[in-house]
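Every number for a ligand or one of its atoms is a count from 1 in the order of the listing.
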Amino acid sequence: MTATQERTAVPFAEIRDRLGERYALAQVTLAELEADTNAVLRRLREESPIAVCAELEALFALRWADVQTVVSRSELFRSDQPDSFLTRFVGPNMLHSEGREHQAARSAVLPAFRATDPGMPAEVDRRYAQLRGAHDDGTPCDLAKEFCIPLVAQATINLLGCEDAVTPAQMDRWGPLVSKGAFDFHEFGAARDDVDGVRAEISAMVAEYVDGRRRARPDSVLGCMAKASSSLDETRRMVEFMIIGADAGPREGLSTVLACVLTADREVRSRLVDSPALRQSFVDEALRWESPIGGITREARVDTELSGVAIERGTRVIGVLPSANRDPLRWPDGDTFVPDRGDRAHLSFGAGMHGCIGAALSRRLADAMVLAVASDPAVRPYAVPQYRGWWYRGPSAVLATWT
Ligand code: HEM
């Protein structure tokens, strides 16, 4: 899950001047970040660890310690945002609420996240073998598109408990469109009909479970919502919100993990097969090194301070995760991917009360994917993976070949 990008009627230039005047800090544009994410963040971190991003009408916190403060110190930075774009789209939700409301929503579905998915490793192996067979003529295979994304879609279906009603292809179509509706306000206008269509399909699916035409496993999100006697509207909101949460983070993050294992040298790959501890380190190092989510948005609850900069109450502050995750004050040689770094306390899953509820599930799925690829001595990279995007970041493709 990600930041709230508010639609604003105020022209960017005016906002930039206003924030720039109030905070005499370096400015950064989204185009600069898109063009060369890690280099721009490195320069900013050195020059001005708090910077202004006028397009998001927000200050950026770039240092590890400041990002930790913004994300986890709820007495200083609030996450309840009743007017956020996400809340306006999906309605009241776990991410933009606090206190009892947040606790109630989170604990209602927690059992679904605690349940392991025992069939998943076999499903990963089955799909991998299938792909290998389909590409034995030497055509390159995009492991992001053909392996990672369908598996993430299947894992989301299993988590929700709608295995008998939804296919991975359907979930793969739903996820990006509801996420677009919730976050990508620039393009939402163009996609409105598609987004509305998908929401109608999701509502119809949820209704079948709520009115008893279908029954979900008790240890699934739909099962948990039924147990709590949630209304159709509450259940629909929770399901839409979960589909959004399970979309960009895992599809980008797990594609990055795949890119890292595919391009790892032979010796590392064979150690990955034998060592579950190395696989754990490897997966988290990939998620640290190329953080899938660009930032976490909060609002200053009180007048406060970050890196010596006074922050006025009400200011929107974004904790920039890819910057925190490479801050040299926290990570020695942070720009380098070190498979056995063994320090898994990065911020790619957030922290504090909103720390990612899907982190364990994502790590388990990533582990099974790493094992499948590392166990195959014949698979080779077909091209060097290119990373793109900063708000959602991952490789544009993970091309493999078996010839
Ligand atoms: C590599 C995969 C993933 C990444 C990088 C990721 C990233 C994040 C981050 C950074 C946050 C904190 C947001 C904030 O504090 O504002 C978060 C929260 C959340 N994530 Fe994930 N996520 C991933 C997988 C998943 C999956 C598979 C789900 C399944 C539905 C999920 C559901 C959620 C939910 C519901 C929250 C909000 C928790 C709360 O408010 O208490 N995430 N995620």
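For E55 against V28, the heavy-atom pair with the smallest separation is OE1-O, 4.3 Å. In terms of heavy atoms, S348 sits closest to L321 at O-CD1, 4.3 Å.
Between S362 and ligand 1, a contact under 3.5 Å exists for no N or O pair. Inclusion of H102 in the set of residues having an N or O under 3.5 Å from an N or O of ligand 1 is warranted. Here's the thing with R106: one of its N/O atoms is less than 3.5 angstrom from an N/O atom of ligand 1.
The ligand atoms of ligand 1 that sit less than 4.0 angstrom from a heavy atom of M353 are 41 (O). Distances below 4.0 Å separate heavy atoms of I357 from the following atoms of ligand 1: 32 (C), 33 (C), 34 (C), 35 (C). In the vicinity of G249, heavy-atom distances shorter than 4.0 Å reach the ligand 1 atoms 1 (C), 2 (C), 3 (C), 4 (C). Each of the atoms 1 (C), 2 (C), 3 (C), 23 (C), 24 (C), 27 (C) of ligand 1 lies under 4.0 Å from some heavy atom of P250. Close approach of ligand 1 to M94 is summarised as follows: ligand atoms under 4.0 Å from at least one heavy atom of the residue are 38 (C), 39 (C), 40 (O), 41 (O). Which parts of ligand 1 touch F113 is read off a 4.0 Å heavy-atom cut-off, strictly below it: atoms 29 (C), 30 (C). Taking a cut-off of under 4.0 Å to the non-hydrogen atoms of L159, the atoms of ligand 1 that pass are 29 (C), 30 (C).
Using a distance-only test at 3.5 Å, with no hydrogens or angles considered, a donor-acceptor pair links the side chain of R214 to the main chain of D164. At least one donor-acceptor pair closer than 3.5 Å links the side chain of R269 to the backbone N or O of L262.
Within the 4.0 Å heavy-atom shell around ligand 1 one finds I296. Ligand 1 lies out of reach of V221, whose nearest heavy atom is not under 4.0 Å from it. For the pair E252 and ligand 1, no heavy-atom separation below 4.0 Å is found.
Comparing S348, C356, G294 against atom 10 (C) of ligand 1, the shortest heavy-atom distance belongs to S348. When the options S291, G394, G358 are ranked by their closest heavy atom to atom 26 (C) of ligand 1, first place goes to G358. Here atom 28 (C) of ligand 1 lies nearest to G245 when heavy atoms of A112, G245, A105 are compared.
Within a 6.0 Å radius of CZ in R266, no more than 12 heavy atoms belonging to other residues, nucleotides or ligands are found. Within a 6.0 Å radius of CZ in R344, more than 12 heavy atoms belonging to other residues, nucleotides or ligands are found.
Between F282 and F337, a ring centre-to-centre spacing shorter than 6.0 Å is recorded.
A salt bridge is defined here as a Lys NZ or Arg NE, NH1 or NH2 lying under 4.0 Å from an Asp or Glu carboxylate O, and D343 with R330 meets this definition. A salt bridge does not link R237 to E234: none of the charged side-chain nitrogens sits closer than 4.0 Å to a carboxylate oxygen. Using a cutoff of 4.0 Å between basic side-chain nitrogens and carboxylate oxygens, R271 and D340 are scored as salt-bridged.
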